[in-house]
Trainee: 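Okay, handing you the structure first.
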Amino acid sequence: MTTDELEQLLAQQPVALLHRLARGRVHRQFRAGKRRLIELLLQHSSHNRAGLEFDLQALLEERQSQSESGGRRSQHPPPITRKKTTPQAPVSALPEPAISLTGWLEGIGVPEPQPFVPDPWQTEALSALSETDVVISVPTGSGKTYVAIEAARRAMEDNRTVIYTSPLKALSNTKYTEFSRLFGPDKVGILTGDRQEHGQAPLLIMTTEILRNLLYDAASGEIDIRLDTLGLVILDESQYIADHERGVVWEETIIFCPSQAKLLLLSASIGNPQDIADWLTSIRPTACRLVRHSKRTVPLRAGYLHPNGKLTPLFRTLGIPYGHPSQLHPEAKRLFLEYEEQTLPSGRSRR
Amino acid sequence: MPPSIHPVDLVTALRHKHLTPAIVFLTSRRACDEAMDAFDHADLVLPPVRQEAIATALERVIAQYPSIAEHPLIPIVQRIGVAAHHAGHLPSWKIAIEELMRQGHLDAVFATTTLAAGVDFPARTVVITQSSIRKSRDFTDLTIGEVQQIAGRAGRRGKDHVGFAVITPSPYIDLSVLTKGLTGQPEAIDSQFTISYPMVLNLLKAHPHEHIQGILAKSFAQFQLNQRAELLERKLDLLHAQLEPFGPRVCTDWITQWQSFDHVRRHRPARHQTHRSESPEIAARLPFLTPGRVVGLHKGHGIVLRQYRSKGQKNSMLTMLRPGGAVTECPVTSVREVYDRTYDCTEIATYPWCAADTFDRLSEQLEELPLRLPILPILASPSAEILPDAIVQSLDDFPCPTCSSRSACQKDFPTASRLRQEQHRHTKSIQALRTSLWHRFQERVDVLQTFGYLTSTAQLTADGDWARLIRIDHSLLITELIRAEAFTGADPSLLTGIMASLAHDDDRPGAFPRISAGLSSLLRQVRKLAESLTPHDDPPLLRADVAALAERWVAEPTLTWIGLCRLTTMAEGDIYRLLARTIEFLSQLQTLKATHPYLADSAAEALTLIRRGVLEELP
C-alpha cells in the first residue's frame with residue numbers, strides 16, 4: 001500500500017475507528033480533527049507502516065464481522081449503550097488476556113492437499129510481465145519461484161531465451177536440478193564460474209557475475225547472437241544489490257540488460273522496493289511494475305523456549321503483533337528476565 | 001541452570017510439542033558440531049521405520065555423490081534424525097541434508113545464521129538462539145531483514161498450517177533485537193556501487209569516454225544519490241524562501257558586509273589598554289627630569305627632587321622644590337622648560353626626598369638663580385610617535401556604524417547568516433552528490449593511465465585490451481603479474497598455488513608444514529608487487545598455506561581428497577570452496593588464449609588436473 005492509498009483508505013473510515021487506531025500512537029488523539037488525525041497517524045507510523053496497516057486491517061475485519069452479525073442496524077450510528085463498550089475492546093488490546101500455550105499451539109498440522117491456485121499477486125505479476133519489467137518484494141517462502149517458473153515457461157513458448165541468475169552457485173545448482181525436472185534436461189542449461197552445461201538451451205541458469213560478463217562481451221562487440229532472442233532475465237534474490245562486495249554486479253547487469261528483454265527482479269521483503277522500481281522506470285524503456293505484499297502465505301507465530309525446557313508464546317497475541325515489539329507475553333517476559341539475571345555477571349545490568 | 005538449552009533437550013521439547021521438523025540457527029560452525037557431539041549417546045532414537053526411510057534416502061544421494069559415503073555424521077543422522085549443515089561441510093553433504101529435509105525425514109538441522117540466505121529449505125519451526133552474527137571478525141546485531149529472512153524459513157507451503165519461530169536464549173542475546181526484527185518493517189537497502197578496474201576497462205572498450213558519465217548516471221547508486229540531492233534541493237528552495245526577507249539593503253550583499261564588520265568589531269581589543277602614554281615631547285623630556293635638575297614652570301621655576309608614577313595620574317609626576325623652601329607635586333606636563341643646569345642632590349626615600357643638608361643647599365641655590373637660564377634643547381624623535389591600531393583604522397572604513405539600516409542588519413544578521421551558511425553547504429553537497437561517481441571513475445582512469453592500460457585519451461592500449469578480460473578481485477595485481485612475466489615458465493601446479501592464495505579471502509587459521517621452494521619464491525614476488533600496488537588496490541591475504549594446499553592437489557594426481565584434508569586443519573567445505581574459487585580464477589586466465597597462449601595453456605592444464613575426485617562429482 002502506498003502512502004496515498006493508505007491516506008485515502010483512512011479518510012474513508014469513520015472518525016471513531018481512527019481514534020481507536022490512534023490509541024497509543026498519537027498523544028491526546030481525541031483532540032485532533034479527522035484530517036489532523038490522519039496526518040499524525042501517517043507521521044507516527046512512518047517507521048512502521050506495516051504495523052499501522054495490520055491494525056487497520058484488523059479493525060476493518062472486526063467492523064465487517066460486526067456489521068454482518070448486526071445486520072442492517074449497523075448502517076446507523078451505534079446506539080449509546082454500544083458507545084460505552086467499544087472503547088473497552090481496543091484493537092491491539094492491552095486488557096485482552098494473553099494467549100495461552102494450548103491456544104498458541106493449536107492448528108499445528110498438515111493441511112489437506114489442495115489444488116494449486118496462484119495468489120492474486122502472482123497472477124498480477126505474471127500479467128504485468130507481458131508488458132513491462134516487474135519487481136517483486138514479498139516475504140520469504142511466499143512463492144516467488146512459481147512466478148519465475150511460469151514466466152520462464154511463457155517466454156520459452158514464445159521462442160525467447162530466458163536467463164535466470166542467482167547469487168550463489170549452490171542455489172544455481174539447486175535451481176538447475178529443479179528446472180531440469182520441470183522443463184526437461186535439454187531445455188535447461190547452466191553456466192557458473194566452474195561449470196558449463198547445455199549452453200545452447202533456451203533456459204539458462206547462471207550466477208549474476210557470469211551474466212554481467214556476457215553483457216560486457218556483447219557490449220564490446222563480441223556479440224553473443226543469443227542476446228537478440230533474449231526475452232526474459234530473472235534476477236533471483238535481488239536484495240543482493242545491497243551486498244557490500246557484490247552488489248555492484250547486480251547494478252551493472254541491470255544497466256546493461258538489453259532493452260527488448262523483460263526484467264523480473266525477485267527479492268525478499270525489503271524496506272524500499274519502490275525505489276528499485278522507480279530506478280528501473282527511470283532507466284528502462286517501459287515503466288516498471290512493483291508487486292509487493294507483506295502477508296505470509298503460511299502464518300507465523302513466535303514462541304519462547306526457556307533453557308529448562310518450558311515453552312511459552314513470545315507475544316500476547318496469537319500471530320506476530322506487527323508494529324508492537326513490546327507486546328511480550330507476560331510469562332515469556334518473566335522467564336527472560338530470570339534468564340538475564342542468572343547469566344549476566346552480578347551487579348551488571350544490560351539496560 | 002545451563003546458559004542455553006542442551007541440544008538433546010531442545011529436540012525433545014520440539015518433538016514433544018510437534019514442532020518438528022525444525023532448523024536451529026546457531027552462532028558458529030563449532031556450536032553446530034558440538035551439538036552433533038551431544039547426540040552421540042542420546043537415547044532419542046527414531047522408530048525403526050523412520051530410520052530405514054532415512055537410510056534409503058541417504059543411499060540414493062550417496063549413489064550420486066560417493067564422497068559423503070564415509071561422512072562421520074551419518075550414524076547420528078540415521079539414528080536420531082538430526083544433522084548439521086554449515087559452510088564447513090562439502091556441498092554434496094549439504095545437498096544431501098537439504099534433500100532429506102525436503103522429504104521430511106529429519107527432525108532438526110543445526111545450521112549457522114551466516115548461511116540463512118543460502119539455506120534453501122523450509123521447516124515447520126525455526127529456532128533462533130542469538131541476536132547477533134559474526135561479520136568480518138566482530139559481532140553485529142541482526143537487522144530486521146535478516147531476522148525476517150531467518151524466520152521466513154518457518155512454515156512450509158502446503159505442508160503446514162502455521163510456522164513457528166521459537167527463540168531460545170543463549171548468553172549475550174538481546175531479546176529486543178529479535179522482537180523488533182519479528183514485528184518490524186525491513187530496512188531500506190542502499191546501493192553498494194564500487195568502480196573496479198576491470199569495470200573501467202570494459203566500459204571504455206564498449207563506449208567512448210564521453211558516454212561513460214551517462215552510463216554511470218543510470219546506476220542505482222546515482223539514483224539514490226539523486227534522491228538525496230533532490231531532498232537537499234528541496235531544502236535549498238526552502239532556504240531560498242526563508243532568505244527572501246533578507247534581500248539587498250543599503251548594500252547589496254549586506255550579510256557579507258555585516259559579517260566582516262562584525263568580525264572586525266569583535267576582534268578589536270575590548271578596551272584600550274590603560275598604559276600611560278605620554279606625548280613624544282613629554283616622553284623625550286623624561287630622561288632629563290632627574291633630581292637636581294632646574295626646570296621652568298608656569299610661575300617661576302623649581303628644582304626636581306624626584307620623579308615618580310602615581311596611580312591616579314595619567315602622566316609621570318614630579319616633586320619640586322620651589323622658591324621659599326616649599327615642596328610641591330606637579331605632573332610632568334606642567335613643566336614648561338628644562339634648563340641646562342643641575343645641582344648635586346643626595347636622594348633619600350622619605351620626605352623631603354633629599355638629605356637635610358642637600359635640602360638647605362638647594363633652597364639657597366634656588367634663591368640665587370638668575371632670571372634667565374640656558375634652555376636644554378630636547379629633540380622628540382618622530383619614530384616614537386604612537387601608530388594608531390590598524391584594526392581601529394579599518395573599522396572606520398565601514399559604512400555600517402552610520403548606515404541607516406544598521407539596527408536592522410544587526411538584528412537579522414544571526415538568522416540570515418545561518419541560513420546562508422546552510423545554503424552554501426547544501427549547494428556544495430548537491431554538487432558532490434551529482435558528480436562523485438564520475439570523479440571516482442576518473443580516479444580509476446588516472447591509475448590505469450599511469451600503469452599503461454589506457455592511453456592519455458582514455459583508449460584501451462594493447463595491454464588494456466586483454467586486461468579487461470580478467471574480471472575478478474585483485475585484477476590489477478593479476479594483470480601486473482602477467483605483465484611482469486611472473487608466470488613465465490610456471491608449471492600448472494605453481495600457477496594454481498598462486499591463484500589459490502589470491503582467491504582465498506578467509507583468515508581462519510589453517511596449517512600446512514611444507515611449501516615448495518618454487519612456490520615460496522614466486523609468492524614472495526607476488527607479495528612485493530601487491531605491496532607496491534596498495535595505494536591503488538587492497539592487497540589480498542596471499543596465504544602461503546592455502547597456496548601450498550592447492551599446489552599439492554594439482555602436483556600430486558594420486559593425492560586423495562581424504563589425504564588432502566589431512567594436510568590441513570581447514571574444514572572440508574573451506575577446502576572445497578578454495579579450490580572452486582581457484583577454478584574460477586584459472587578460468588579467467590584461460591580466456592587470455594589469444595595474447596598469452598602459454599599462460600592460457602598452463603591454466604587449462606591446471607584446470608583439468610584440479611577437477612578430480614570430489615570436485616568432479618559435484619555440480
Side-chain angles (χ1 to χ4, degrees), chain A residues 48-51 105 107-111 139-141 143 168 170-171 173-174 176 193-195 213 216 219-220 239 241-244 247-248 251 255 268-272 279 282-283 296-305 307-309 311 314 320-325 328 336 339 342-343, chain B residues 1-5 9 13 17-18 91 118 120 122 145 148-149 151-169 171 175-176 179-180 182-194 199 202 205-206 215 218-221 223-224 471 580 583-584 587 619:
Chain A
N48 196 343
R49 182 60 57 71
L105 283 172
I108 292 191
V110 182
T140 322
L168 303 170
L171 286 179
N173 287 326
T174 319
Y176 178 54
D194 53 1
R195 184 184 188 189
N213 290 350
Y216 268 138
S220 55
Q239 74 271 17
I241 201 165
D243 186 89
H244 183 63
V248 58
E251 290 195 37
I255 295 171
S269 281
I270 53 169
N272 55 345
W279 169 50
S282 71
I283 63 166
R296 290 170 45 98
T297 328
V298 180
L300 185 68
R301 294 177 196 169
Y304 176 82
L305 181 65
N308 65 11
L311 183 69
L314 180 65
I320 306 271
Y322 288 102
H324 299 280
L328 288 184
F336 185 71
Y339 176 82
Q342 281 168 359
T343 52
Chain B
M1 180 175 305
S4 53
I5 191 163
D9 295 341
K17 303 285 187 201
H18 305 285
D120 190 28
Q148 294 193 347
Q149 180 90 311
R153 306 280 162 212
R156 297 159 297 174
R157 200 183 179 150
K159 284 189 193 164
D160 286 314
H161 282 299
V162 259
F164 292 90
V166 173
I167 295 170
T168 180
L175 195 61
S176 65
T179 52
K180 270 188 203 130
L182 285 171
T183 57
Q185 180 95 321
E187 292 87 356
I189 58 172
D190 287 323
S191 166
Q192 301 289 337
F193 200 75
T194 49
M199 186 205 257
N202 281 298
K205 169 77 181 178
I215 292 171
K218 285 166 82 178
S219 66
F220 187 47
F223 180 82
Q224 289 198 313
R471 295 162 184 151
I583 289 178
E584 260 177 61
S587 326

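Because the structure is predicted, anything quoted here is derived from the model rather than measured. First the proteins, then the strands, lettered A, B, ... as listed; each starts at 1.
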Trainee: Within the distance-only criterion (no hydrogens, no angle test), does the side chain of A:W279 pair as donor or acceptor with the backbone N or O of B:A221 below 3.5 angstrom?
Mentor: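 Answer holds: no.
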Trainee: Before you tell me yes or no, could you show the steps for B:K17 and A:L305 under side-chain contact (heavy atoms from CB on, under 4.5 Å), namely the whole-Å CA-CA distance, both residues' side-chain angles and the distance that decides it to 0.1 Å?
Mentor: CA-CA 11 Å; B:K17 303 285 187 201; A:L305 181 65; over 6 Å; no
Trainee: If you measure from OG1 on B:T179 to CD1 on A:I320, what distance do you get to the nearest 0.5 Å?
Mentor: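 Taking OG1 in B:T179 and CD1 in A:I320, the distance rounds to 10.0 Å.
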Trainee: Heavy-atom distances under 4.5 Å only: say whether A:R301 touches chain B with side chain, backbone, both or neither.
Mentor: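 For A:R301, backbone and side chain are both near chain B.
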Trainee: Of the listed residues (A:G247, A:G309, A:A219, A:P299), which shares the most heavy-atom pairs with chain B below a 4.5 Å separation?
Mentor: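 Greatest number of close heavy-atom pairs with chain B: A:P299.
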Trainee: Taking all atoms of both residues into account, what is the closest heavy-atom pair of B:Q148 and A:S269, and its distance?
Mentor: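 Closest heavy-atom pair between B:Q148 and A:S269: OE1-CB, 4.4 Å.
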Trainee: Just to verify, what does A:V248 make a side chain to side chain contact (heavy atoms under 4.5 Å, CB included) with, not counting sequence neighbours?
Mentor: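 Side chain to side chain contact (heavy atoms under 4.5 Å, CB included) check on A:V248 returns A:E252, B:F193, B:T194, B:M199.
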Trainee: Once side chain to side chain donor-acceptor pair (under 3.5 Å) is applied, do any residues pair with B:D9, and if so which ones, sequence neighbours excluded?
Mentor: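 Side chain to side chain donor-acceptor pair (under 3.5 Å) check on B:D9 returns nothing, list empty.
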Trainee: Considering non-hydrogen atoms only, spot the tightest contact between B:S4 and A:P307 and give its length.
Mentor: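 Closest pair (atom of B:S4, atom of A:P307, distance): C-CB, 4.1 Å.
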Trainee: So what's closer than 4.5 Å to chain B heavy atoms on A:I255: side chain, backbone, both or neither?
Mentor: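 The answer is both parts of A:I255.
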Trainee: Looking at A:P139, A:S282, A:P321, which makes the most heavy-atom pairs under 4.5 Å with chain B?
Mentor: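 Winner by heavy-atom pair count: A:P321.
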Trainee: What pair of heavy atoms forms the shortest contact from B:V162 to A:G107, and how long is it?
Mentor: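 Closest approach of B:V162 to A:G107, heavy atoms only: CG2-O, 3.7 Å.
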Trainee: Just do the side-chain contact (heavy atoms from CB on, under 4.5 Å) check on A:T140 and B:R153 with the steps written out, would you?
Mentor: CA-CA 7 Å; A:T140 322; B:R153 306 280 162 212; 3.9 Å; yes
Trainee: If I take atom CD from residue B:E187 and atom CD from residue A:Q239, how far apart are they, to the nearest 0.5 angstrom?
Mentor: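 One gets 12.5 Å once the value is rounded to the nearest 0.5 Å.
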Trainee: At their closest point, which heavy atom of A:N272 faces which heavy atom of B:Q224, and how far apart are they?
Mentor: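 In this case the closest contact between A:N272 and B:Q224 is ND2-NE2, 3.8 Å.
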Trainee: Below 4.5 Å, heavy atoms only, C-beta onward: do A:Y339 and B:P171 meet side chain to side chain?
Mentor: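 Yes; the side chains approach each other to less than 4.5 Å.
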Trainee: Looking only at heavy atoms, what is the nearest atom pair of A:A242 and B:Q192, with distance?
Mentor: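 Distance-wise, the nearest heavy atoms are O-CG, 3.2 Å.
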Trainee: Give, for atom CG of B:D160 and atom OG1 of A:T297, the distance between the pair rounded to the nearest 0.5 Å.
Mentor: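 Answer for the CG-OG1 pair, B:D160 versus A:T297, is 12.0 Å.
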Trainee: Are the side chain of A:E251 and the backbone N or O of B:F220 linked by a donor-acceptor pair below 3.5 Å?
Mentor: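 Checked: pair present.
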Trainee: Of all heavy-atom pairs between B:G163 and A:V298, which one has the smallest distance, and what is that distance?
Mentor: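 In this case the closest contact between B:G163 and A:V298 is N-CG1, 3.6 Å.
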Trainee: Among B:Q185, B:K218, B:H161, B:K159, single out the residue with the greatest number of heavy-atom pairs under 4.5 Å to chain A.
Mentor: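 Result: the option with the highest number of such pairs is B:H161.
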Trainee: Select one option (side chain, backbone, both, neither) describing which atoms of A:A302 are under 4.5 Å from chain B's heavy atoms.
Mentor: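 Interface part for A:A302: both.
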Trainee: Looking at CD1 of B:I167 and CZ of A:F336, how far apart are the two atoms once the value is rounded to the nearest 0.5 Å?
Mentor: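 Here the rounded value is 9.0 Å.
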Trainee: Hey, which of B:A206, B:P169, B:G145 has the most heavy atom pairs under 4.5 Å with chain A?
Mentor: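 Option with the greatest count: B:P169.
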Trainee: Specify which of A:I241, A:L105, A:N213 makes the most heavy-atom pairs with chain B at under 4.5 Å.
Mentor: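 Looking at each option in turn, the highest pair count goes to A:N213.
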Trainee: Side chain, backbone, both or neither: which part of A:I270 has a heavy atom under 4.5 Å from chain B?
Mentor: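 For A:I270, the contact with chain B is made by backbone and side chain together.
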